[in-house]
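Read the structure below first, then the notes.
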Amino acid sequence: MHNRLKTKFLGFEVRSPLVLPAGIMDMSFSALSISTENGAGIVTSKSLTLEPRTGHKGPVVAEFEGGFLNCMGLCNPGIVDGLAEINEFKERSDTPVIVSVFATNVNDFLKLTEFVNTSKGDFLELNLSCPNVFDEFGIPLAASKDEVHKIIKAVKKISELPVIAKLSPNVYDIVSIAKAAESAGADALCMINTVGPGMLIDTKMVKPVLFNKLGGLSGPCIKPIALKLIYQTYSDVNIPIIGMGGVKCGEDAIEMMMAGASIVGVGTAIYYRGIEVFNKINNEIIEFMDENGYENLQEIPKLEKLLM
Amino acid sequence: MHNRLKTKFLGFEVRSPLVLPAGIMDMSFSALSISTENGAGIVTSKSLTLEPRTGHKGPVVAEFEGGFLNCMGLCNPGIVDGLAEINEFKERSDTPVIVSVFATNVNDFLKLTEFVNTSKGDFLELNLSCPNVFDEFGIPLAASKDEVHKIIKAVKKISELPVIAKLSPNVYDIVSIAKAAESAGADALCMINTVGPGMLIDTKMVKPVLFNKLGGLSGPCIKPIALKLIYQTYSDVNIPIIGMGGVKCGEDAIEMMMAGASIVGVGTAIYYRGIEVFNKINNEIIEFMDENGYENLQEIPKLEKLLM
Amino acid sequence: MNKRITLKIAKIKDEIKDIKTFSFKYKLNAKPGQFIMLTDFEGGEKPFSISDCTKDEFSITIKKIGEFTSRLFQKDVGDLVSIRGAFGSSFFISNGKVLLVGGGYAVPTFYFFSKILLESGANITLINGARTKDELLFVEKFGKLGINLINTTDDGTFGEKGTSVDIARKLLVSKLQQNQLVSKPQLGDNSRFHPATAGWKRENVDKFDFIYASGPEMMMKALQGVIGEIEYEFLFERYMKCAIGICGSCTVDPLGIRLCVEGPVLPKKIVEQLTEFGKYHRDASGKRILY
Amino acid sequence: MNKRITLKIAKIKDEIKDIKTFSFKYKLNAKPGQFIMLTDFEGGEKPFSISDCTKDEFSITIKKIGEFTSRLFQKDVGDLVSIRGAFGSSFFISNGKVLLVGGGYAVPTFYFFSKILLESGANITLINGARTKDELLFVEKFGKLGINLINTTDDGTFGEKGTSVDIARKLLVSKLQQNQLVSKPQLGDNSRFHPATAGWKRENVDKFDFIYASGPEMMMKALQGVIGEIEYEFLFERYMKCAIGICGSCTVDPLGIRLCVEGPVLPKKIVEQLTEFGKYHRDASGKRILY
Ligand SMILES: Cc1cc2nc3c(=O)[nH]c(=O)nc-3n(C[C@H](O)[C@H](O)[C@H](O)COP(=O)(O)OP(=O)(O)OC[C@H]3O[C@@H](n4cnc5c(N)ncnc54)[C@H](O)[C@@H]3O)c2cc1C
Ligand SMILES: Cc1cc2nc3c(=O)[nH]c(=O)nc-3n(C[C@H](O)[C@H](O)[C@H](O)COP(=O)(O)OP(=O)(O)OC[C@H]3O[C@@H](n4cnc5c(N)ncnc54)[C@H](O)[C@@H]3O)c2cc1C
Ligand SMILES: Cc1cc2nc3c(=O)[nH]c(=O)nc-3n(C[C@H](O)[C@H](O)[C@H](O)COP(=O)(O)O)c2cc1C
Ligand SMILES: Cc1cc2nc3c(=O)[nH]c(=O)nc-3n(C[C@H](O)[C@H](O)[C@H](O)COP(=O)(O)O)c2cc1C
Ligand code: FES
Ligand code: FES
């Protein structure tokens, strides 16, 4: 990997600013490996829950112009098997791993944290925002700044790893939630999770395309929403942001950084550009730096902080 | 126009279920005409305010994959000149006109209503949701069910035209807002307005692309969000819905109807398919009816009402 | 084509007082008559016609008028600006005998157009008009094209004396009379017409196949009155915001066609139907402004 | 190709007990070895290999196993289902002498493949295996193709007696020995092998250029042991959810390649690296399930 792509994130030196986000090509140690081999600098596990989950029945993905709906339903092998995969990955790779976990209450988050403490993971990410389990769990945690604060505060007390809060875009006031996370001790923010949710209908069969009816939006079309929320948040917090949502090319990644992201997630774009997307974007970032006279990522300016 | 496209909306017989939405190609009588000549069944005026507004400085539109951001900033010639254009249109056409008006408080909405009462418009639409004037006006009215109820109730008392409430998609609980509108006497709902807002950055100049920084999302990529909100609302209210958001082809319009829309708006698609888009979609709707054995629009089934 | 591209200003040329040509190294692929939207992201995005466009370069020629253009005039070579386009309709490429009638900052687009017309073998007469010598644009550039160039000033300080329309009337009315057309244009004062001094050959302007105009709307309105039956296209300007045909700012009455999509170049059969032509246009709010 | 299309079932054919072929009138443009995702929107969307694909029709052959396939078996001609695809990698189209080894519901994809192979001039030997006569699939359809068809049953109730791999071993090991290859496969019991009764000509099977397998994973694992140095491709099955390469359900260890994109057909050089091959696969939650 090119030296000019090196960056620091929470004390780790990473060889590329590109992150494999939670839930995308990360169910097994080998899935994590292939992203790193293709240029990702950090990888995130699927959001793990205490018990295994088979997820929603299919169809679980649906394409539309500009993106995808998904309602995977947090399928995962459970924290024990999930961490085993992560440990197996870490035996083969020194790429930092973010362990994503999902729960609906403080107690379960604490139990998950204890498991993660025993693993070889490098960061703990709290998925506070999964919109695909509304039915089951009600309003997402990430919509309540008090809940967010409470959970992070509790987790931070026992976590041996830096804690990242993954925020939902589907809230009125992202800044107050981000600040709640920061003041509770979160070491970084990850934003955004999927947008919406949305729905599509099969007009011949008069049925929702997704069996779960609703799915979160990801892919290129959510980029403007991600940029807005990241920019807004960056102006008001002092912890680093993992920016994601619709990044598909080098310019998109640069946009994220200018909006305030320290490192950048690339998820759905794997569909559009293949698993090689990480290296492609790495190269495009270097081209951008060449064309615009930046020596390294640290020189890439942030957008002026402005009132929204 | 084909007989099979005829439908009823609030007592009016319209020759096509397609509506020109507020803010799109509707600043003048002749702009309204060209959409009707190209197959729109109902046209909506630009949202009119008491005083003329020149709108935001440019750039006011920005394209991304799957849609557009816009921050027109409610530019309009003001209620007096705006209604003059509508009257001029009505002298030449019997196509029903929805007069869209925008204000930020009950008093101004009432003043606008009095003006509209004296016009040749056929419906009064209250734009409660413009997201492009957040800075100026704070949280959109449409996010508060009490505000929505209060405004509609007051307007209904004096309006001589049926009243349509245009709702914002950017709310937690669309159903409670829709119900508030219904219980206040709204005759129909129009949904959705633009999504977000979002932002794009010019990476070479490190500047927001839109001078207003933020703009609402429209176009194909917001369709899943529109369908979800319309479906959810349709299950819980008994007034008709004008469905819009990303409709680009006949199948999209059918999806809207199956989700619960009585008639369907087509806005941004004018960019993608030309002003002829209305006739193109009309034809595609007929093709769809042919292929699937529906005689007329009334036969097109709604999705089963289901709990979300 | 709505892709946005941010470019360095490659060249700035002072043309006359308050008019500069800005050039960019970029393969724009524009057609003559089309325009771009230009912004510096400091407030305002404005339409400008393309005054030259080669395989890898293009230019726009801008008059300093208000806030936006004034800010533009402070920019230097190497500064960045951002464009979208090219947008809109373009001039019909005739290969016959054509008359181009231009005035003010709208003339330079005829430079790009003339080059394309020459390629297609057209015989070009261009009336390049201004109020006074200091306001005449592109005199040298047009001169080098080898077309029948008629420079004209209202006050006679350079070239012919008279307005562009005065000159056009001389050329066209004689022709109209030859053809014994029914329409009876008002002739006005032809005394300022001195073909001998113009460097343009009388025999070439006998019969025009096509007339094009780009200039102040009242100039085009007056021109329309002397054209008779000849085919023509006029380049119109209206307030533009989106340039992609959705906002409706630029529609013209009573047809509702959009000058950013169906225009800015409109053919005779459309122009003849425009009730607002020469009467009013609309401002940024959509309010009518009388000419 | 991720476009969703909703189609009427055009034909349903009972093949054997619990296996039916569903045909659709649609120009799928699939390649042999590829699969589609099928749903009825009643819960579940599942991958099925394409068993035939002509210019305007395609078929899938389905075994009733669980909830989804049982519901499918209740559908009638004219009922609607919805598909995405075709997805995934496809078999290399050889024009040489090829051996196809199939077992169970995974055999029918070789019908589509054989037709394409014949077009390219390949010489095909197909081992069509099942446990017993009633479970043999496509005997007639394969018979009509004019290929070297070796039907075989574990219990000898039809065709050869023995597993597909037993038959393959006979064909390949003799060849291997002829070529004096180094690898020493375990021969096992060859006594069930009666070439005389097979309707297949000894001389045709001397030297294969390419071997393809589609069937239970343990069959392919055993087959791998007798292949030696010959090039091969195997069709794999793993739990699939998105089929577009983002969810990660279908990746195989230790390479992390996705069977819905880089598979389901994998070449020798990949298969040889798979540590999970014949050992485990993953369920809907991603948990490992041992074979
Ligand atoms: C198709 C087209 C081609 C044009 N080509 C050229 C050109 O080649 N060279 C050139 O100098 N000018 C051209 N113009 C005019 C140019 O866009 C305006 O001069 C410029 O926008 C003025 O901006 P400002 O902020 O400096 O002035 P302001 O003070 O904002 O406006 C002065 C006047 O300029 C016009 N104007 C302002 N904004 C717009 C707008 N968004 N769209 C249209 N007109 C506007 C109005 O008539 C206004 O009264 C063209 C306009 C159009 C529509
Ligand atoms: C590439 C590929 C091609 C296939 N081709 C065929 C074919 O041509 N004909 C055929 O009958 N079957 C085929 N299958 C298997 C078929 O998908 C399963 O039999 C079917 O999904 C069973 O669903 P069910 O609900 O009836 O059974 P369940 O009770 O849900 O499952 C029974 C078993 O089927 C398998 N299975 C279930 N769901 C999936 C899934 N989403 N993805 C993969 N495997 C699953 C699992 O091994 C599971 O244990 C193929 C599978 C793959 C991966
Ligand atoms: C198929 C799929 C599964 C996902 N699963 C998870 C998950 O388990 N946990 C989580 O925090 N985010 C999950 N996400 C959200 C992504 O991590 C990411 O935030 C989002 O997709 C936006 O990025 P993108 O547009 O680059 O895909 C998932 C997204 C997709 C498309
Ligand atoms: C350029 C533009 C201007 C708009 N102006 C208004 C407006 O003045 N009032 C309003 O209620 N909605 C306005 N809208 C929203 C549209 O009426 C419509 O709700 C939205 O664009 C979704 O439909 P679409 O995807 O078909 O464009 C505007 C949308 C666009 C793109
Ligand atoms: S400028 Fe918006 S329609 Fe022409
Ligand atoms: S099924 Fe999702 S990656 Fe293959």
Side-chain angles (χ1 to χ4, degrees), chain A residues 62 64-67 69 134-135 139 143 169-173 195-204 206-209 213-215 217 219-232 246 248 250-252 254-259 272 288 291-292 300-304 306-308, chain B residues 62 64-67 69 134-135 139 143 169-173 195-204 206-209 213-215 217 219-232 246 248 250-252 254-259 272 288 291-292 300-304 306-308:
Chain A
F64 60 93
E65 203 174 321
L69 297 185
F134 267 5
D135 293 358
I139 283 274
N170 312 309
V171 298
Y172 283 131
D173 185 5
V195 168
M199 168 170 154
L200 290 164
I201 297 171
D202 187 86
T203 51
K204 293 208 168 164
V206 200
K207 291 275 180 191
V209 170
K213 289 188 229 62
L214 307 187
L217 281 72
C221 73
I222 71 167
K223 188 184 70 172
I225 294 175
L227 288 170
K228 184 258 185 182
L229 295 172
I230 291 165
Y231 174 60
Q232 215 181 354
K248 195 174 154 188
E251 288 244 8
D252 296 336
I254 301 287
E255 261 182 286
M256 285 283 167
M257 293 182 208
M258 290 179 168
Y272 297 98
F288 176 87
E291 277 170 24
N292 293 276
I300 290 177
K302 302 288 180 212
L303 211 58
E304 269 177 79
L306 292 163
L307 283 170
M308 297 294 261
Chain B
F64 59 92
E65 203 175 321
L69 297 185
F134 266 6
D135 292 359
I139 283 276
N170 312 309
V171 299
Y172 283 131
D173 185 4
V195 168
M199 166 170 156
L200 290 163
I201 297 171
D202 187 84
T203 52
K204 293 208 167 163
V206 200
K207 291 275 181 191
V209 170
K213 289 188 228 64
L214 308 187
L217 281 72
C221 73
I222 70 168
K223 187 183 72 174
I225 294 174
L227 288 169
K228 184 258 184 181
L229 295 173
I230 291 166
Y231 174 60
Q232 214 181 355
K248 195 173 154 188
E251 289 244 6
D252 295 336
I254 300 286
E255 261 182 286
M256 285 283 167
M257 293 182 208
M258 289 180 169
Y272 297 99
F288 176 86
E291 276 170 26
N292 294 276
I300 290 177
K302 301 287 180 215
L303 211 59
E304 268 177 79
L306 292 163
L307 283 171
M308 296 293 262

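Side chains included, hydrogens not; waters and symmetry mates left out as well; all remaining heavy atoms used. Letters A, B, ... are given to chains in the order of the sequence lines, protein chains preceding strands, and every chain is numbered from 1.
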So which residue, A:Cys221, A:Gly66, A:Gly246, ends up with the most heavy-atom pairs under 4.5 Å with chain B?
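With the most close heavy-atom pairs to chain B, the winner is A:Cys221.
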Pair count under 4.5 Å, heavy atoms only, with chain B: among A:Lys223, A:Lys248, A:Lys207, highest is A:Lys248
Contact between A:Met199 and B:Leu303 at the side-chain level, heavy atoms closer than 4.5 Å - yes or no?
yes
Would you say that A:Ile225 contacts B:Val195 through its side chain, given a criterion of any heavy-atom pair below 4.5 Å between the two side chains?
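A:Ile225 reaches B:Val195 side chain to side chain.
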Mind checking the [atom1]-[atom2] spacing from [X] to [Y]? Nearest 0.5 Å is all I need.
{"X": "B:Met258", "Y": "A:Lys204", "atom1": "CE", "atom2": "NZ", "result": "11.0 Å"}
{"X": "B:Asp202", "Y": "A:Ile254", "atom1": "CG", "atom2": "CD1", "result": "12.5 Å"}
{"X": "A:Tyr231", "Y": "B:Leu214", "atom1": "OH", "atom2": "CG", "result": "9.0 Å"}
{"X": "B:Phe64", "Y": "A:Glu255", "atom1": "CZ", "atom2": "CD", "result": "11.5 Å"}

Chain B heavy atoms under 4.5 Å from [X]: which part of the residue, side chain, backbone, both or neither?
{"X": "A:Lys302", "result": "backbone"}
{"X": "A:Leu200", "result": "both"}
{"X": "A:Leu217", "result": "side chain"}

Among B:Leu227, B:Ile230, B:Thr203, B:Asn292, single out the residue with the greatest number of heavy-atom pairs under 4.5 Å to chain A.
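Top option by heavy-atom pairs under 4.5 Å: B:Thr203.
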